[in-house]
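Since the structure comes first, as structure tokens, the remarks are kept for the end.
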Amino acid sequence: MTKFLALHSDEASLVLELREGALPIWRHLGARVELGTLPSLASLTAPASFSLDKHVPMSVLPGAELGWFGREMLKLRGESGAVIAFRPAECSAVQEENAILISSRDSGAGIEVQQRFTMLAGGAICASVTVQSVGDAPIILHDPASALFPLCGPWARVISWRGRHNNELNEQAEPMPAQGWLRESRRGISGHGGPPGFYLLQDGATYHQGLVMAAQLCWSGDGALSIAYDDEGFWTARLGQLGDQVLGAGESLKLPDVILALSNRGRNGAMAQMHHAVRNLLRWPEGKMRPRLVHLNSWEACYFDHDEGRILRLARAAKAIGAERFILDDGWFKGRGDDTAALGDWTADPVKYPNGLGPLVESVRAMGLEFGLWVEPEMVNPNSDLCRAHPNWALHEDDQDRPTARNQLVLNMALPEVQDYLFDALNRLLSDHSIAYLKWDQNRDHAPSGGLAQTLGTYALLARLRAAHPSVEIEGCAGGGGRSDAGLAPYIHRFWTSDNVDALSRIDMQRGFLAFLPPEIMGAHIGASPCHATSRAQPLAFRAAIACQGHLGVEMDPETLSEGEQASLAKWIAFYKEWRELLHGGAVILGEGAEVKWHAQGNGHDILLFVIRSAPMSTRRPQPLPLAFAANSKKWQVRLLELAELEGAHGPAQAPIFDALQNGVEFTGSWLAEHGVPLPVQRAESVAIFHMKAVS
Ligand code: GLA
């Protein structure tokens, strides 16, 4: 009798067929199925012309059997470069309650591979691979994949994101490829297109319904995601690193995990699983997320132009509007007057900060603010003491030019001496001062490439620093959102989504971020108007309402605002503090209505709903907005908390219900789900924020 191994969630199933002495083969990865008396794959496979007489089905380690013609998961070479065929003769598979463990060994090749599929709480599946050398010679792994699996079922579209500095995370929708689809990052970081991942949608799938698969490789360096249409008639997906890794004799290597979220509740269902999985990777100080403190970050307030007096004034202004953590951005360290010098020299600039950082940190703390500091450890300017002392610590090729970007070079993070230098410098800063937070930047592509070892070196430094200073929170940044991914999740507590804080740009960018990462780690700041990145001017309330969807901060000098605007900024910060518990840690539900995008955050029965209108209405009256999630409860109390738009302008007349909605109006769940919540008349660039509480 054919035996199967299976993992089931409420929404999805992974089914493998067991084979005696061979690797298990894929049977299903998709919507939940019951196995019943499932026939074997062999019994379902007809002989096909121009095919091998003995069919080679897709195993969990494609390429491990002679006769598999698709991409392989692992390509192995010896030191000489000769290909080593991995043909495991010993294979075993074990079913646990929530996991399947597969082990395969080719003693001749000197390799053993352990694979694990785990059904995570929250419904996502984690695919893990560890490669172990059991021979006596080094082996090179070339572009190793962490997952390569069949796409069972009628998938219709691939959704992915691409971007650049100041315009991250632009969503792209493409039909399933007739040949192949590829998304690579080859610049040393995961890139401004956001986390290395994609969404697949079956025909008719929406935010709210239909089968959707979301996949993310937990990796922050070079990688490749591909989908190929196999001649057999199905698509395969592959997620892996790009580059070589050397496995010394007797060593073992864990490849980055892949998170697979499969939901029949549309994109929102897959996103919820993804958030759950990433939240499990986060390591909060003392094991628990504190309310996300409101930041004021000095960058756009004063760029490089600051000293102790200037920063103390800014910190006082930050405190006055209700900020809780002050972050001193770039420009504080020795010789850093602009972006041409000093990266690598991590001591306070003696001209700007003659007393060092100590008195500044203490004065800021005495105001009741936490102190955070910007660093860019992986980088060095040629014009720095560090580079003059150790020119070869930077990534370089002998006898070649060293291409700079933003006037800087990349340190070789694989060198132990670089690791030690950076650890000592950062450790000293954190040990000598009460610094609660680091903004860890990374501002250029890597040329030459440091390979996979570069990213692993960064992880190792972060891990060492976190172990030495477990209470310090870290923000990941790379020219805005150039390196935001689940690979960094175990080390960081926030990503800087983009240097573009234009609220219009942020609407879709933040939706892209949320496709893979949860809102409490999405840095979202209220910036100046006009916005420095786009020159567009937007009402303060609109900027604030959009920023409230993530981890809130302020990216400007409040003293440049009128008293009225300062009061309004303070009011929005107070609003965020009142609602942040609901905004963070719960579910996010995204949707679209007629000329609006909406965004709900909360715990399922207690929800903040943001209805965003970016362009002027093309109709005279707004139509109600149906909210499928409202069907979960019989009755809801709905309150309009804010209509975030230009203050004091000639506002349009509102329907009488909006007086009552200030205090709350009851609607049935079915009414809200099928007919919709009434919307106020909204001008362009406005957000209506509702609170919805289930009352039965
Ligand atoms: C990058 C970051 C900004 C800021 C600057 C400082 O561009 O994304 O937020 O920290 O560097 O140089």
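Just follow the structure's listing: the first ligand is 1, and inside any ligand the first atom is 1. FYI, side chains are in, hydrogens and waters are out, and symmetry mates aren't considered; it's all heavy atoms of this structure.
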- Query: What atoms of ligand 1 come closer than 4.0 angstrom to any heavy atom of W496?
  - Reply: 8 (O), 9 (O)

- Heavy-atom distance under 4.5 Å between the side chains of M556 and R543, does that happen here? yes

- Task: Pick whichever of K439, R336, R406 has a heavy atom sitting closest to atom 9 (O) of ligand 1.
- Result: K439

- May I ask you to identify the nearest protein heavy atom to atom 5 (C) of ligand 1, giving residue, atom name and distance to one decimal place in Å? W299 CE2, 3.6 Å

- Gap separating the CD atom of Q454 from the CG atom of L456, nearest 0.5 angstrom: 9.5 Å

- Query: Of the protein's non-hydrogen atoms, which lies at the shortest distance from atom 2 (C) of ligand 1, and what is that distance?
  - Reply: D441 OD2, 3.0 Å

- Matching residue for F513 among Q549, R506, M522 - test: side chain to side chain contact (heavy atoms under 4.5 Å, CB included): M522

- Query: Which heavy atom of the protein is the closest neighbour of atom 7 (O) of ligand 1, given with residue, atom name and distance?
  - Reply: D499 OD2, 2.9 Å

- Query: With a 4.5 Å limit on heavy-atom distance, are the side chains of Y353 and I311 in contact?
  - Reply: yes

- Task: Find out whether P195 and L517 are in side-chain contact, i.e. whether some heavy atom of one side chain is under 4.5 Å from a heavy atom of the other.
- Result: yes

- Can you pull out the closest protein heavy atom to atom 12 (O) of ligand 1? Residue, atom name and distance to 0.1 Å, please. D330 OD2, 2.6 Å

- Counting from 1 in the order shown, the ligand 1 atoms closer than 4.0 Å to a non-hydrogen atom of G480 are 8 (O)

- Looking only at protein heavy atoms, which one is nearest to atom 10 (O) of ligand 1, and how far off is it? D329 OD1, 2.7 Å

- Task: Keeping to residues at least two apart or across chains, list the salt bridge (Lys or Arg N to Asp or Glu O under 4.0 Å) pairs with something in residues 430-442.
- Result: D329-K439

- Task: Output all residues satisfying side chain to side chain donor-acceptor pair (under 3.5 Å) with R466, sequence neighbours left out; order by chain, then residue number.
- Result: H493

- Task: Output the list of atoms in ligand 1 that are nearer than 4.0 Å to some heavy atom of C477, sorted by atom number.
- Result: 2 (C), 8 (O)

- Message: Under 4.0 Å, heavy-atom basis, I'd like to know which part of E376 is in contact with ligand 1: side chain, backbone, both or neither.
- Response: neither

- Does L409 reach the side chain of L343, with side-chain heavy atoms less than 4.5 Å apart? no

- Under 4.0 Å, heavy atoms only, figure out whether ligand 1 is touched by the backbone of N297, its side chain, both or neither. neither

- Run the numbers for me: atoms of ligand 1, each under 4.0 Å from some heavy atom of N443, listed by number. 1 (C), 7 (O), 11 (O)

